[in-house]
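Notes follow once the structure below has been shown.
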Amino acid sequence: MTRTERVTTADFRRWKEEKRPVTMLTAYDFPTARLVDEAGIDAILVGDSVGNVILGYPSTLPVTMEEMLHHTRAVARAVSRAMVIGDMPFLSYQASREEAVRNAGRFLKEAGAQAVKLEGGREFAATVQAIVTSGIPVMGHIGLTPQYVHQLGGYRVQGRQAAAARRLVEDAFSLAEAGVFAIVLECVPAEVARYITENVPVPTIGIGAGPDCDGQVLVTHDLLGLYGGFAPKFAKRYANLVDEVMRALSAFREEVQRRQFPGPEHSFTMPPEELAQFYAAKEKP
């Protein structure tokens, strides 16, 4: 990797024209973001999935603006090349366009992000346009939108029926016309994702949307095998770090209990003459 300049929305547009796939991963903290950036990933999404992955919430719905800003700041401090995208949490943009613009601006002004992402299709096109008009790049997100899980009836593939697929296409065009620089397609049939990718002028970033999108995104904890339990079908596990972490933690516990750690190489000592004075002083009444 030779490029060191910050990735911009212009790069996204150019890469679509060049058919050069975009890479995007999540990060929620400084050390993870630094590794992702050093690996040459194009964009880092500080996702509201922080609620599930880091904060222990049962869904993304409880995540607050303050929590998102806190984690985005940590990520932004680590990154020098990748575009940092802050995920707008539930009810941070739905109540009014004015509040949406204000909250979107906080990601750039207070947290150091370069763009924001929000969920929803044509019903939020005017909101997207208002945010973009304010000078804030917006990434759209359609298909399975976790913030609307109760409305969708659960976490399930969207657009399997012809009418639903057409609505997704209309949503994608509406968002593109409103000014988004890219659109995440989550859990939609590969055929629908391919059609949208071939016909919508902005890059598509797939997650569970097949191989034909202009880019791909995954949750880094899924990719690394750090998030135990259920793994979605679309999440390829490139490593299984849970086993390695458990091995290390267990080894620490056992060595401490056996008084094998810390050893001399992990300890500090006093100069002999200082130690002698210390003992002499200690023995005085």
Side-chain angles (χ1 to χ4, degrees), residues 1-27 36-37 39-47 79 81-88 104 107-108 113-122 124-125 127-129 131-133 135-145 158-159 165-220 223 234 236:
M1 184 187 72
T2 58
R3 171 175 174 151
T4 57
E5 299 91 351
R6 176 76 73 172
V7 172
T8 69
T9 57
D11 292 314
F12 274 67
R13 292 191 295 270
R14 178 168 53 83
W15 290 337
K16 183 178 178 74
E17 294 174 0
E18 296 173 352
K19 299 189 182 304
R20 183 276 210 192
V22 180
T23 57
M24 185 163 77
L25 289 173
T26 62
V36 172
D37 190 44
I41 301 302
D42 299 317
I44 295 177
L45 173 65
V46 189
V79 173
R81 175 187 174 274
M83 177 188 290
V84 176
I85 303 166
D87 211 356
M88 299 192 70
F107 276 99
L108 277 64
Q114 286 78 57
V116 298
K117 181 180 76 66
L118 58 82
E119 299 179 12
R122 76 201 85 168
F124 289 106
T127 299
V128 167
Q129 188 173 33
I131 297 172
V132 172
T133 300
I136 303 165
V138 176
M139 174 177 282
H141 182 165
I142 59 175
L144 172 58
T145 46
Q158 302 296 306
R166 285 194 297 271
R167 285 195 295 271
L168 285 177
V169 173
E170 293 168 3
D171 284 339
F173 273 104
S174 293
L175 291 175
E177 291 170 3
V180 298
F181 71 92
I183 303 172
V184 171
L185 304 178
E186 181 170 358
C187 287
V188 304
E191 301 90 342
V192 178
R194 182 171 61 248
Y195 182 89
I196 292 173
T197 301
E198 291 175 349
N199 289 278
V200 172
V202 299
T204 59
I205 310 297
I207 178 167
D212 298 311
C213 294
D214 295 304
Q216 298 292 332
V217 59
L218 282 178
V219 172
T220 299
L223 180 155
F234 55 74
K236 180 175 179 178

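The residues of the chain are indexed from 1 along the displayed sequence.
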**Prompt:** Val46 and Thr26: side-chain contact (heavy atoms from CB on, under 4.5 Å), yes or no, with the steps?
**Reply:** CA-CA 6 Å; Val46 189; Thr26 62; over 6 Å; no
**Trace of the side-chain contact (heavy atoms from CB on, under 4.5 Å) decision for Val184 with Met24** = CA-CA 10 Å; Val184 171; Met24 185 163 77; 4.1 Å; yes
**Asked** Is Gln158 reaching over with its side chain to a backbone N or O of Val188, donor-acceptor style, under 3.5 angstrom?
**Response** no
**Asked** Measuring from Gln216:CD to Lys236:NZ, what's the distance to the nearest 0.5 Å?
**Response** 11.5 Å
**Prompt:** Which heavy atom in Ala209 sits nearest to a heavy atom in Ala193, and how many Å separate them?
**Reply:** O-CB, 3.1 Å
**Prompt:** Does the salt bridge (Lys or Arg N to Asp or Glu O under 4.0 Å) test come out yes or no for Asp42 and Arg81, once each step is laid out?
**Reply:** CA-CA 8 Å; Asp42 299 317; Arg81 175 187 174 274; 3.1 Å; yes
**Thr197 side chain reached by Asp212 side chain, heavy atoms, under 4.5 Å** = no
**Message:** If I compare all heavy atoms of Ala178 with all of Ala125, which pair ends up nearest, and what's the gap?
**Reply:** CB-O, 3.3 Å
**Prompt:** What's the spacing between Arg20 CZ and Asp214 CG if we round to 0.5 Å?
**Reply:** 11.5 Å
**Fill in**
Between the CD1 atom in Ile85 and the NE2 atom in His141, the distance rounded to the nearest 0.5 Å is 12.5 Å
**Request:** Please indicate whether Phe234 has more than 12 foreign heavy atoms, meaning atoms of other residues, nucleotides or ligands, lying under 6.0 Å from its CZ.
**Result:** yes
**Request:** For Leu25 and Leu218, run side-chain contact (heavy atoms from CB on, under 4.5 Å): C-alpha distance rounded to whole Å, both residues' side-chain angles, the deciding distance at 0.1 Å, then the answer.
**Result:** CA-CA 5 Å; Leu25 289 173; Leu218 282 178; 4.0 Å; yes
**Message:** Using a 3.5 Å distance criterion without hydrogens, assess whether the side chain of Thr204 forms a donor-acceptor pair with backbone atoms of Ile183.
**Reply:** no
**Request:** Keeping the roles fixed (side chain from Lys16, backbone from Val22), state whether a donor-acceptor pair exists under 3.5 Å.
**Result:** no
**Contact check, side chains of Phe124 and Val138, non-hydrogen atoms, under 4.5 Å** = no
**Complete:** To the nearest 0.5 Å, atom CD of Glu170 lies from atom CD1 of Ile196 at 10.5 Å
**Request:** Work out which heavy atom in Pro137 is nearest to a heavy atom in Thr9; give both atom names and the distance.
**Result:** CB-CG2, 3.8 Å
**Message:** As an exercise, state the distance from CZ of Arg14 to OG1 of Thr8, rounded to the nearest 0.5 Å.
**Reply:** 8.0 Å
**Request:** Determine yes or no for a side-chain-to-main-chain donor-acceptor pair under 3.5 angstrom, with Glu119 supplying the side chain and Leu144 the backbone.
**Result:** no
**Exam field: side chain Arg122 to backbone Leu175, donor-acceptor pair closer than 3.5 Å** = no
**Message:** Working to the nearest 0.5 angstrom, can you tell me the gap between Phe173 CZ and Asn199 CG?
**Reply:** 5.0 Å
**Message:** If you compare all heavy atoms of Ala190 against all heavy atoms of Gly210, which two are closest, and at what distance to 0.1 Å?
**Reply:** CB-CA, 3.9 Å
**Request:** Run the numbers on Val202 and Phe181 for side-chain contact (heavy atoms from CB on, under 4.5 Å), then give the verdict.
**Result:** CA-CA 6 Å; Val202 299; Phe181 71 92; 6.0 Å; no
**Atom of Pro203, atom of Arg13 and distance for their closest heavy-atom approach** = CG-N, 4.4 Å
**Prompt:** Between Gly159 and Val192, what is the shortest heavy-atom contact and its length?
**Reply:** O-CG2, 3.8 Å
